[in-house]
There are 2 protein chains.
Amino acid sequence: MSDSAKPVSKREGRREAAVAVEETQAVQLGELSDLLGYVLKRAQLKVFEDFLRCVAPLQLTPAQFSVLLLLDANPGRNQTEIANTLGILRPNFVSLLDSLESRDLCTRVRSANDRRSHILMLTEKGRGVLARAKKLVVSKHEARLNELLGPDGREALLGMLTKIAEEF
Amino acid sequence: MSDSAKPVSKREGRREAAVAVEETQAVQLGELSDLLGYVLKRAQLKVFEDFLRCVAPLQLTPAQFSVLLLLDANPGRNQTEIANTLGILRPNFVSLLDSLESRDLCTRVRSANDRRSHILMLTEKGRGVLARAKKLVVSKHEARLNELLGPDGREALLGMLTKIAEEF
DNA sequence: CCGTGTTTGGTATAGTGGATAACAATTATC
DNA sequence: GATAATTGTTATCCACTATACCAAACACGG
């Protein structure tokens, strides 16, 4: 049984020679390139990746950075309030805070009013790191996005994404 | 020791009455609302959430749907090719395929040319499910986005996200 | 004042997505 | 024909997410 049963199955050797140029043809994305969710996730991964690179000297993840930002803008809040605004579940927020506190970037202070809750506050070091992180984000990360999209493009994108995040 | 050592600590009862209206003040997002990465992730979560709702009757995740779409547009490809285009690592692609194959939506066929690789193809049922999924996505999911952003807004958003995903 | 219910921070745990190392089978290369 | 590379796969690890449960503290109604 060499080539009697399946005569069509093995004519590959000739094809290789014939179309050697476009041998490995790219996989077609097809309708996937029009799926907003797909492109959205791809873009999000790229942006987070770049954020990590830009802020690498300070060893801050996007989540950690957002916590520091919130603490700076909202002094006197407790864990549940901060976690809720970021969409982080309280149990998962504990270890995140542990890591920040162990690096002396923020502290939990027992509230006098309600001795259950922990008031969160930035330390001196935390404020310093946050300030440096902001500079890196603005001068490297967001600057690159501005360069790619243009100032008004970036603004338009931010507007539409905010609309989706809030009203969808 | 009733109220001699800490006279200032318990004057909360009066404050409650005084500012009862704006008791629970909202946490300020601050500069977070201008961080593109933050809004981007929030929007992405919302969009995926809605995708799951819309396509729930067919029990398809975004990842599974994207695989079916790719298989339809690229017959005769193997696992690594499909996985690579989707940014999925080969080891993690195995279980994804297992679930699709166990539901009889696609099949792995050993290639005649290269007996290492598995050619992936949609089954009849897979094509049917994909067709129904497409209809749901277009008529419910993407339609809602169109309604929120307008046709040209959606197009602009898709364009900028694609630019980020490809060139960033 | 007391008992009931709720809230807060926390632990334990499970599920999921992503990443690396290693492996057998197969193919490519020289 | 020996060596290297590739394919699908397993095992494993890490990060993130989600749920159940707990003790301490508070709120409230009797």
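These numbers come from the heavy atoms of this one structure, side chains and all, not from hydrogens, waters or symmetry mates. Keep in mind the model is a prediction, meaning the values are calculated, not measured. Proteins come first, then strands; the chains are lettered A, B, ... in the order of their sequence lines, and each starts at number 1.
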Taking for A/Leu45 and for A/Asn78 the nucleotide of DNA chain C with the nearest heavy atom, the one nearer the 5' end belongs to A/Asn78
Rounded to whole angstroms, how far apart are [atom1] on [X] and [atom2] on [N]?
| X | N | atom1 | atom2 | result |
| --- | --- | --- | --- | --- |
| B/Leu97 | D/dT9 | CG | C1' | 12 Å |
| B/Ile82 | D/dG8 | CD1 | P | 10 Å |
| A/Asp114 | C/dT6 | CG | C1' | 11 Å |
| A/Leu89 | C/dG10 | CG | P | 15 Å |
| A/Asn113 | D/dA27 | CG | P | 10 Å |
| A/Phe93 | C/dT8 | CZ | P | 14 Å |
| B/Leu86 | C/dG17 | CG | P | 14 Å |
| B/Leu120 | D/dT9 | CG | C1' | 14 Å |

Query raised in the report: Should B/Met160 and A/Phe168 be counted in the same cluster of Ile, Leu, Val, Met, Phe, Trp and Tyr side chains packed under 4.5 Å apart?
Result: yes
Of the options [options], whose atoms approach the side-chain atoms of [X] most closely?
| X | options | result |
| --- | --- | --- |
| A/Ser117 | D/dT17, D/dC26, C/dT8 | C/dT8 |
| A/Arg116 | C/dG17, C/dT6, D/dT9 | C/dT6 |
| B/Thr80 | C/dT26, D/dT7, C/dG9 | D/dT7 |
| B/Pro91 | D/dT19, D/dT9, D/dC26 | D/dT9 |
| B/Gln79 | C/dG10, D/dT9, C/dT26 | D/dT9 |

Exercise. Is it true that A/Glu49 and A/Lys46 make a salt bridge, defined as a side-chain N closer than 4.0 Å to a carboxylate O?
Worked result: no
**Study point:** NZ/NE/NH1/NH2 to OD/OE distance under 4.0 Å, B/Arg127 and B/Glu124
**Key:** yes
* To do: Give a yes or no on whether the backbone of B/Leu105 and the side-chain of B/Thr123 come within a donor-acceptor separation of less than 3.5 Å.
  => yes
Which of A/Leu130, A/Leu70, A/Leu58, A/Val129 passes side-chain contact (heavy atoms from CB on, under 4.5 Å) with A/Phe65? It is A/Leu130
Next on the checklist: Just to be sure I understand the rule, does B/Arg115 reach a base, reach only the sugar-phosphate, or reach nothing, if contact means heavy atoms closer than 4.0 Å?
Outcome noted: sugar-phosphate
Is there a side-chain contact between B/Arg154 and B/Glu142 in this structure, where contact means two heavy atoms from C-beta onward sitting under 4.5 Å apart? yes
Within the 4.5 Å heavy-atom criterion, are B/Ile82 and B/Leu97 side-chain neighbours or not? no
Side-chain N,O (B/Lys41) to OP1/OP2 (D/dC16) below 4.0 Å
no
At less than 4.0 Å, is any side-chain N or O atom of A/Arg108 found next to OP1 or OP2 of C/dG10? Yes or no.
yes
If each end axis of the helix from C/dC1-D/dG30 to C/dC30-D/dG1 is fitted on five C1' pair positions, the angle between them, to 10 degrees, is 20°
